[in-house]
Amino acid sequence: MITNKKPRSSDTDSIFMKDDRTEMSEDDDRSPSPNSITHDSSPTRTYTTGSGPGTGPGSSSVPEYLAPCPDQVLENVLENVLLFLTSRKDRNAASLVCRSWYRVEALTRSDLFIGNCYAVSPKRATSRFTRIRSVTLKGRPRFADFNLMPPNWGAHLAPWVSAMALTYPWLEKVHLKRMSVTDDDLALLAESFSGFKELVLVCCDGFGTSGLAIVASRCRQLKVLDLIESEVSDDDVDWISYFPDTGTCLESLIFDCVECPIDFDALERLVANSPSLKKLRLNRHVSMGQLHRLMAQAPRLTHLGTGSFSPSEDVAQGEQGPDYVSAFAACKSIVCLSGFREIIPDYLPAINPVCANLTSLNFSYANVSAEHLKPIISNCHKLQIFWVLDSICDEGLQAVAATCKELRELRVFPFEAREDIEGPVSEVGLQAVSEGCRKLQSILYFCQRMTNAAVVAMSKNCPDLVVFRLCIMGRHRPDHVTGEPMDEGFGAIVMNCKKLTRLAVSGLLTDRAFAYIGKYGKIVRTLSVAFAGDSDMGLKYVLEGCPRLQKLEIRDSPFGDAALLSGLHHYYNMRFLWMSACNLSNQGCQQIAQALPRLVVEVIKHEDNLDMDENVDTLYMYRSLEGPRDDVPRFVSIL
Amino acid sequence: MEFERDLHLDATELRLGLPGTATKQSSEKQKPNSNLAKSNKRSLPDMNEESEGSSRENSRTVSSNDKKSHDQETAPPIKAQVVGWPPIRSYRKNCLQAKKLEAEAAGLYVKVSMDGAPYLRKIDLKVYKGYPELLKALEEMFKFKAGKYSEREGYNGSEHVPTYEDKDGDWMLVGDVPWDMFISSCKRLRIMKESEARGLGCAV
């Protein structure tokens, strides 16, 4: 039966407004049945006979019948119009116009995005939005990735999948980031949604190959199974073989983070049986010889993760191996390459045939030198996204700058993530990139030493920068040429890069840097701070100056209660605030909790320090409609 | 910062610990609040996970001086590392750590022959950090003196010259290419008599 979904506020509007719209909206394909006069005790459930057979929503040209009232027509029209609205910002705005728009928007929204799984309960979300096809959920805060939070903090998928199993039978897509997902959750998911098409798990954990096997075997419509930087436990289940033998609709299969060996024969059969497969990212247990065979089965791949990129051990040294160059030449559609997990650099030239078409190249697990890189990168004229290890040195970055004029995103990861070494990349590489890659929009750069001059240069050369994340790995390191703090460099970034929304700072920074951020960073949404600042003023500048700030994560910086309190006016506008190893006290955090009832203020203690003392190890606070969550582990106290 | 080095601030700095003990970066605080959050994830021994009390003012004031003085001295064997810093996800760290460990464990054994010696030796090139160490070890092993190396003239003033065979099968003079390149291309070593080695030096 059609159930009447009441909006949050009780509605005493015209009964006509509710009925036909409700009836028509509930079922996509079913046209309203004629002569459906159903009365029941609730005055809001009367249906008019205004709609006859064949009349779709919005039609008012049925002269023999009672014409639908104008308000109803408007709602029908609205519904049809709102169907085209896809941006969630626009939808959120539309839902605030009036109750009618709120209702209609809720009925027409098909993509549900929840930036913090604790901000709203599954029940509330599924009650408001009833026709969801795709759900995106984000759980843990980002600093949890760096072991700054004890395990089992929360972000469990279970309550969500239970609620959705009941209310969204037509659910097709689930995208999760930093959530704890169990095999049972995956089983429930696979059983509950018959049309399930897309599962993307980014930085998730808690499940294993047995969960994957269930998804593989049950989800017959599965098009996308992407496991990205997730931790998958090895349950000794050959999950690849659980895909149906008769063929799959798989378009994307990404499992490069799965550390367990797989049965290659099963994989080969799967690839052969998946004619729509366009994206395939193998894990490091797939050798080059096996890669070669797979490429032969799937020449139309667009995205390829190459696995280990080294021959398996039983291939004799001088033996003539398969012709890898031809294999790559045959895959004319490849635009994105990754993998190279255990690369033998001698084999790298095999990818030459595809370089000219590459838009994305991920070498971030490949220990290659500048020598190895140069001949390859010199062909990559169309490259837009490049992830690489600092083993290529400044020289390698210069080569990138010389060729990759279309580069939009660069990430340089450290091969050795330590503080006390010389470091192969520096301001030289950054400067070169800024001069060569003028269209750069996003950069993540790990280095041991840096100068303000290079950062300033980048701020001027790359005006399109949206994301600037510089990690000078030595804590509190100043400009190594002038000895000055890095204030001026970051100041120039916020001043000159007018599109900047995400910033991560490092090196020796005084309050001045934060003054710059507060003054110029007017559209900054995400800010990451570590080992920086002199006093409360630093944080105050930011909280008072950055109206768009949504996500603020701070560690090991001397900001105290006074600074925390200066942000009271803003915290409801933020998704979260994280502060660990700063100068906060329980008292200060209590004040916040009392002043802002809709904020959940979590104080997280480290497991070896569970006595309540005045100092707060870690503060994680976020707005929420639900109040304190009920799955709090013992090391978390909610104020 | 150059001038700070000259001021020897580290010598006059107040710190805990017995005189003469090497300064550790931020180890003053003995508080248990040491971010020893052990993750239940990977079990690889990861030196980056070691931590000392790292937070708050101490790390700010101590480390800036320590850092500079340490940068100039030879690096102490293991530096106290802070949990979660640098901010690299464990997965990535572990992948690369594993590679490093593998590479380190593997060793790179090459045969060394010396003209006139009855039998060959084998050495592990990975053990040496650079040419000076390697040459010293060879000199000791075979009891000879290599002489002084210069780019233009090769090894001056000695009866023996260290050479190596590279991947392409050519005999090269030890010391011409950067160490890393040498390690990856050296297949065997041969200590030649100076008279034979003439051709290998720079043609003068």
Side-chain angles (χ1 to χ4, degrees), chain A residues 142-143 145-152 203 205 229-231 257 259 284 341-342 345 364-365 367 369 371 389 413-422 446 471-478 480 483 504 506 508 528 530-531 534 555-558 580-583 606-609 613 615 617, chain B residues 1-4 25-26 31-42 46-49 51 53-57 59-65 67-68 70-71 75-76 78-100 102-103 167 180-181 184:
Chain A
R142 198 178 73 96
F143 272 10
D145 288 352
F146 313 125
N147 295 339
L148 289 181
M149 184 182 255
N152 304 320
C203 299
D205 61 6
E229 298 205 35
S230 292
E231 201 170 316
C257 64
E259 282 296 299
R284 63 181 181 86
R341 290 294 172 117
E342 282 154 19
S364 65
Y365 291 97
N367 187 11
S369 65
E371 292 285 310
L389 281 181
F413 294 95
F415 180 59
E416 285 199 69
R418 292 163 48 169
E419 298 186 60
D420 53 350
I421 52 178
E422 180 64 11
F446 283 85
C471 182
I472 303 170
M473 289 189 275
R475 290 166 287 151
H476 311 119
R477 281 241 176 106
H480 80 97
S506 61
L508 180 65
S528 304
F531 304 99
D534 302 319
R555 64 168 292 182
D556 295 273
S557 300
S580 59
C582 297
N583 286 347
H606 296 288
E607 283 192 323
D608 54 347
N609 183 24
D613 61 10
N615 292 319
D617 293 333
Chain B
M1 291 228 238
E2 298 290 321
F3 70 89
E4 274 201 15
Q25 201 152 318
S26 37
K31 257 181 96 165
N33 170 27
S34 57
N35 295 343
L36 268 173
K38 294 254 183 278
S39 145
N40 64 349
K41 301 190 180 197
R42 311 272 163 188
D46 187 340
M47 142 167 120
N48 293 334
E49 303 288 294
S51 77
S54 62
S55 42
R56 310 186 191 224
E57 300 85 23
S59 66
R60 290 184 53 248
T61 51
V62 169
S63 61
S64 40
N65 286 335
K67 274 236 74 47
K68 281 160 219 118
H70 278 303
D71 284 349
I78 290 187
K79 270 260 177 140
Q81 303 278 337
V82 174
V83 166
W85 188 261
I88 310 279
R89 294 206 183 108
S90 335
Y91 178 73
R92 185 175 289 281
K93 243 194 233 180
N94 292 332
C95 280
L96 297 175
Q97 186 80 355
K99 264 198 266 210
K100 269 196 310 226
E102 252 176 55
K167 271 193 211 154
D180 287 324
M181 200 188 288
S184 58

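We name chains A, B, ... by the order of the sequence lines, and we start the count at 1 in each one.
Interface remark: Phe446(A) contributes side-chain atoms only to the contact with chain B (heavy atom separation under 4.5 Å). Interface residue Leu389(A): only side-chain heavy atoms are found under 4.5 Å from chain B. Proximity to chain B involves both the backbone and the side chain of Ser364(A), based on heavy atoms less than 4.5 angstrom apart.
The nearest pair of heavy atoms linking Ser557(A) to Ala530(A) is OG-C, 4.0 Å.
Highest contact tally toward chain B, considering only Glu371(A), His480(A), Glu229(A), is held by Glu229(A) [criterion: heavy-atom pairs under 4.5 Å].
Between Asp180(B) and Ser369(A) there is no side-chain heavy-atom pair separated by less than 4.5 Å.
Looking at residues two or more places apart in sequence or on another chain, you find a salt bridge (Lys or Arg N to Asp or Glu O under 4.0 Å) between Arg142(A) and Glu553(A).
Tyr365(A) OH to Arg341(A) CZ: the interatomic distance, rounded to the nearest 0.5 Å, is 4.5 Å.
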